[in-house]
S.K.: 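First the structure, then my questions, so here it is.
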2 protein chains.
Amino acid sequence: MSSTTDLAPDVSLHVQEKWLRRRAEILRAALRAFREKGYAETTLGDIAEYVGVRKTALYHYFPDKETILYECHRESLAEVSGLLSAARRRHTGAADRLHSVITDHVRVMTETLDGSPISFEVPSLSGARQAEIIGARDQYEKGIREIVQQGISEGEFEAVDPKLAVFAILGAINWISRWYRPGGPVGTADMGNQFADHLVGGLLKRKW
Amino acid sequence: MSSTTDLAPDVSLHVQEKWLRRRAEILRAALRAFREKGYAETTLGDIAEYVGVRKTALYHYFPDKETILYECHRESLAEVSGLLSAARRRHTGAADRLHSVITDHVRVMTETLDGSPISFEVPSLSGARQAEIIGARDQYEKGIREIVQQGISEGEFEAVDPKLAVFAILGAINWISRWYRPGGPVGTADMGNQFADHLVGGLLKRKW
DNA sequence: ATGAGATTTGAACGGTGGTTCAAAATTTAA
DNA sequence: TTAAATTTTGAACCACCGTTCAAATCTCAT
């Protein structure tokens, strides 16, 4: 019947929605497995077990293992991609914009992606897919760098190397996937704010 | 002849030193391969190729792949483990101590470990080894947390959750392995200082 | 120079995991 | 209810990779 990204045109709406629900379930299970074991050590059997099927059922929804990873990446990026423009709309100053991006990114990491490890698994993608994901990631980084540069130019931030500053910020945020567990003992509703205060505060011009 | 952690007692000094040199070379190659591909995707053939031997030669020096990883972990921890006590000896204030630890840790990451990805590969260790590495890592984190707590208690730092603050700091530092490349375009001699200024500065009590 | 020891190599093994494919099972729609 | 469509399953395949082992090669020490 299906190509594994969408359904045949004559399939009923009910069947389509059921298919999409199962597909989404597989992606959720994959994300969890990748977080726990990494992509390479996760077997299709692991993912299937979390879903409650056998590994070969996954081929009804995805053509191969890598595509599952790729789709996880795309979903993660979709969550993150609007954060910059939202921060720019809401705020004019660099500090407020940066604070907003960080807070939102932490929220996405913890509430939507459940501590997604996806930032780590880029090298497992092949050729064009890897280039695409890296491209989108680099766009996001660039956008944050521009905010930092804005802060420096307007005298709000110390004259740091924006690239290093952004790597530090994104490192802190991406590392959340290493320790954050939904319902775990660490991490509260306010952690986005603490992260942002810390990471933005450290850039502000010192008043001596 | 050898057990793979040391040599037979009657082996000449010359042969011992040669053996140890080769062994160290293998560890260096492994660290590089793990950085580039991750532990799971790195084959023994990859490591061997970097050394210029065949994969089976590695068994003369290490009993299995995991032991290579374990030894990489131990070496990394050896580099990091003295940083806390050094900072405590050198400084009395929390901010100075924290600044010192961060600067030193960044230096170790970039100069000694060439951007070691080792923080990421803990789940690949089995049982007792994993517990050991996690234990040592947790000790280090705890030490940093105590510095942060000192800063809070003495009114030097904002009243943050020390655990979150330390995760942010260690995230930023560990993330270096994702973008830092020896001789690469990013990263200068002063990046440790920028990182430390940023990450410590963000904790300092605000003066309004 | 030579024999012993150290080091490296290549062949082989076995287990694992991604993938294919056809049959079985389940669901759907008339 | 029934046939068609969809979904799941299990058997099988094969490539790959960690590991073993004995032979080949190299190095060392006398």
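Computation of the quantities below employed the complete heavy-atom set of this structure, encompassing side-chain atoms and omitting hydrogens, waters and symmetry-equivalent molecules. Every chain is numbered from 1, with letters handed out A, B, ... down the list of sequences.
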S.K.: In terms of side-chain heavy atoms of B/His14, which of C/dT19, C/dG17, D/dC28 is nearest?
M.R.: D/dC28
S.K.: Which is more 5' along DNA chain D, the nucleotide nearest B/Gly45 or the one nearest B/Leu13? Just name the residue.
M.R.: B/Gly45
S.K.: For C/dT8, take OP1 and OP2 only and decide whether either is under 4.0 Å from a side-chain N or O of B/Arg22.
M.R.: yes
S.K.: Which listed nucleotide (C/dA6, D/dG18, D/dT8) is nearest to the side chain of A/Tyr61?
M.R.: D/dT8
S.K.: With no angle test and no hydrogens, is the base of C/dG17 tied to the side chain of A/Lys55 by a donor-acceptor pair under 3.5 Å?
M.R.: no
S.K.: Compare the minimum distances between each of D/dT19, D/dC28, D/dT9 and the side chain of A/Ala57, then state the nucleotide with the smallest one.
M.R.: D/dT9
S.K.: Tell me the interatomic distance from A/Ile47, atom CD1, to C/dG17, atom P, rounded to whole angstroms.
M.R.: 12 Å
S.K.: Would you mind telling me which of C/dT19, D/dT7, D/dC17 lies closest to the side-chain atoms of B/Thr43?
M.R.: D/dC17
S.K.: In whole Å, what is the span from the OH atom of B/Tyr59 to the C1' atom of D/dT19?
M.R.: 4 Å
S.K.: Between A/Thr56 and A/Glu41, which residue's closest nucleotide on DNA chain C lies nearer the 5′ terminus?
M.R.: A/Glu41
S.K.: Think B/Arg178 forms a cation-pi with B/Phe120, using NZ or CZ under 6.0 Å from the six-ring centre and within 45 degrees of its axis?
M.R.: yes
S.K.: Starting from P on C/dG18, measure out to CG on A/Leu69 and report it in whole angstrom.
M.R.: 12 Å
S.K.: In whole angstroms, how far is the P atom of C/dG17 from the CG atom of A/Asp46?
M.R.: 8 Å
S.K.: If you take atom types as modelled and just measure distance, does the side chain of A/Lys65 reach the base of C/dG17 with a donor-acceptor pair under 3.5 Å?
M.R.: no
S.K.: Around atom CD of A/Glu49, are there more than 12 heavy atoms of other residues, nucleotides or ligands at under 6.0 Å?
M.R.: no
S.K.: So, using salt bridge (charged side-chain N to carboxylate O under 4.0 Å, His left out) as the criterion, who are the partners of A/Glu25 when residues are at least two apart?
M.R.: A/Arg22
S.K.: For the pair made of CD in B/Gln16 and P in D/dA29, what is the distance, rounded to whole Å?
M.R.: 11 Å
S.K.: Under a 4.0 Å threshold between the charged nitrogen and the carboxylate oxygen, would A/Glu71 count as salt-bridged to A/Arg74?
M.R.: yes
S.K.: Give B/Lys18 one of three labels, base, sugar-phosphate or nothing, depending on what nucleic acid heavy atoms sit under 4.0 Å from its own.
M.R.: sugar-phosphate
S.K.: If I take atom CZ in residue A/Arg23 and atom P in nucleotide D/dT6, what distance separates them, rounded to the nearest angstrom?
M.R.: 17 Å
S.K.: Does B/His60 place a side-chain N or O at less than 4.0 Å from the phosphate oxygens OP1/OP2 of C/dT7?
M.R.: yes
S.K.: To the nearest angstrom, how far is B/Glu49 atom CD from D/dC17 atom P?
M.R.: 12 Å
S.K.: Do any side-chain nitrogens or oxygens of B/Arg54 fall under 4.0 Å of OP1 or OP2 in C/dT8?
M.R.: no
S.K.: Between C/dT9, C/dT19, C/dT8, which nucleotide gets closest to the side-chain atoms of A/Leu44?
M.R.: C/dT19
S.K.: For A/Tyr50 and A/Glu36, which I'm curious about, is there any donor-acceptor pair between the side chains at under 3.5 Å?
M.R.: yes
S.K.: Taking CG from B/Leu58 and C1' from C/dT8, how many angstroms apart are they, rounded to a whole number?
M.R.: 11 Å
S.K.: Does the ring center of B/His105 lie less than 6.0 Å from the ring center of B/Tyr140?
M.R.: yes
